[in-house]
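The structure presented is a predicted model; accordingly, all values stated were derived computationally and were not measured.
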Amino acid sequence: MTDKISELKIKLESNPNQVFHRYSLGQAYLDIAELSSACEEFEKCLIAKPDWMMAALSLGKTYLQVGDKALAKVKLELTLKLATEQNHDDPASEATELLKECNIS
């Protein structure tokens with residue numbers, strides 16, 4: 001476990017509802033390729049803030065890395081919906097491109 005992960009876990013113990021620390025923890029797990037842990041943290045972010053477009057995008061991308069195209073598709077479709085509603089063109093474009101990788105054969 002890295003120092004960054006340890007620090008974020010300590011911060012979350014004292015304030016478990018701090019979604020920005022939780023998102024950072026998910027990113028820290030991505031940095032060390034702990035993909036299942038990253039997914040867990042991003043899922044918790046979306047439970048706390050269902051309209052958090054960047055958490056949905058990060059989760060979709062991570063599910064793609066794991067190879068779970070079905071879950072990636074669900075999260076990337078959510079990203080596209082949120083990005084459109086929130087007028088974020090770049091994440092919408094990214095989600096649209098990533099959705100092409102989710103075609104399940």
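How far CZ of R22 is from NZ of K11: 13.5 Å, rounded to the nearest 0.5 Å. Rounded to the nearest 0.5 Å, atoms CG (L25) and CD (E34) are 11.0 Å apart. Separation of atoms OG1 (T96) and CD (E77) is listed at 10.5 Å; rounding is to 0.5 Å. In this structure, L99 CG and E101 CD are separated by 9.5 Å, a value rounded to the nearest 0.5 Å. Rounded to the nearest 0.5 Å, atoms CG (L71) and CG (L59) are 8.0 Å apart.
For residues 69-93, there are no ring pair (Phe, Tyr, Trp, His ring centres under 6.0 Å) pairs, not counting sequence neighbours. A ring pair (Phe, Tyr, Trp, His ring centres under 6.0 Å) check over residues 44-78, counting only residues at least two apart or in different chains, returns the pairs F20-W52, Y23-W52.
Closest approach of A55 to C45, counting heavy atoms only: CB-CB, 3.9 Å. For the residue pair T62 and C39, the shortest heavy atom distance occurs at CG2-SG, 3.4 Å. The minimum heavy-atom distance between L8 and H21, with the atom names listed, is CD2-O, 3.9 Å. Nearest heavy atoms, P50 versus I47: CD-O, 3.9 Å. Looking at every heavy atom in both residues, L76 comes nearest to K61 through CD2-N, 4.4 Å.
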Solution key, residues 79-87 side-chain donor-acceptor pairs under 3.5 Å, sequence neighbours excluded:
residue: T79; atom: OG1; partner: A56; partner atom: O; Å: 3.4
residue: T79; atom: OG1; partner: L57; partner atom: N; Å: 3.0
residue: T79; atom: OG1; partner: K75; partner atom: O; Å: 2.9
residue: K81; atom: NZ; partner: E85; partner atom: OE2; Å: 3.0
residue: T84; atom: OG1; partner: L80; partner atom: O; Å: 2.8
residue: Q86; atom: NE2; partner: D51; partner atom: O; Å: 2.9

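Hydrophobic clustering of Ile, Leu, Val, Met, Phe, Trp and Tyr side chains at less than 4.5 Å, counting indirect connections, keeps F42 apart from I5. Residue L46 is grouped with residue L98 when hydrophobic side chains (ILVMFWY) are merged at heavy-atom distances under 4.5 angstrom, including chains of intermediate members. With hydrophobic clusters built from ILVMFWY side chains whose heavy atoms lie under 4.5 angstrom apart, V74 does not share a cluster with L35. Put simply, L30 and L12 are part of two different groups of oily side chains (I, L, V, M, F, W, Y) that touch within less than 4.5 Å, one to the next.
For CG of D90, the number of neighbouring non-hydrogen atoms (other residues, nucleotides, ligands) closer than 6.0 Å is 12 at most.
Using a 4.0 Å cut-off between a side-chain N of Lys or Arg and a carboxylate O of Asp or Glu, E7 and K4 do not qualify as a salt bridge.
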Using the side-chain contact (heavy atoms from CB on, under 4.5 Å) rule, take V66 and S36 through it: C-alpha gap first, then chi angles, then the decisive distance, then the call.
-> CA-CA 8 Å; V66 169; S36 62; over 6 Å; no
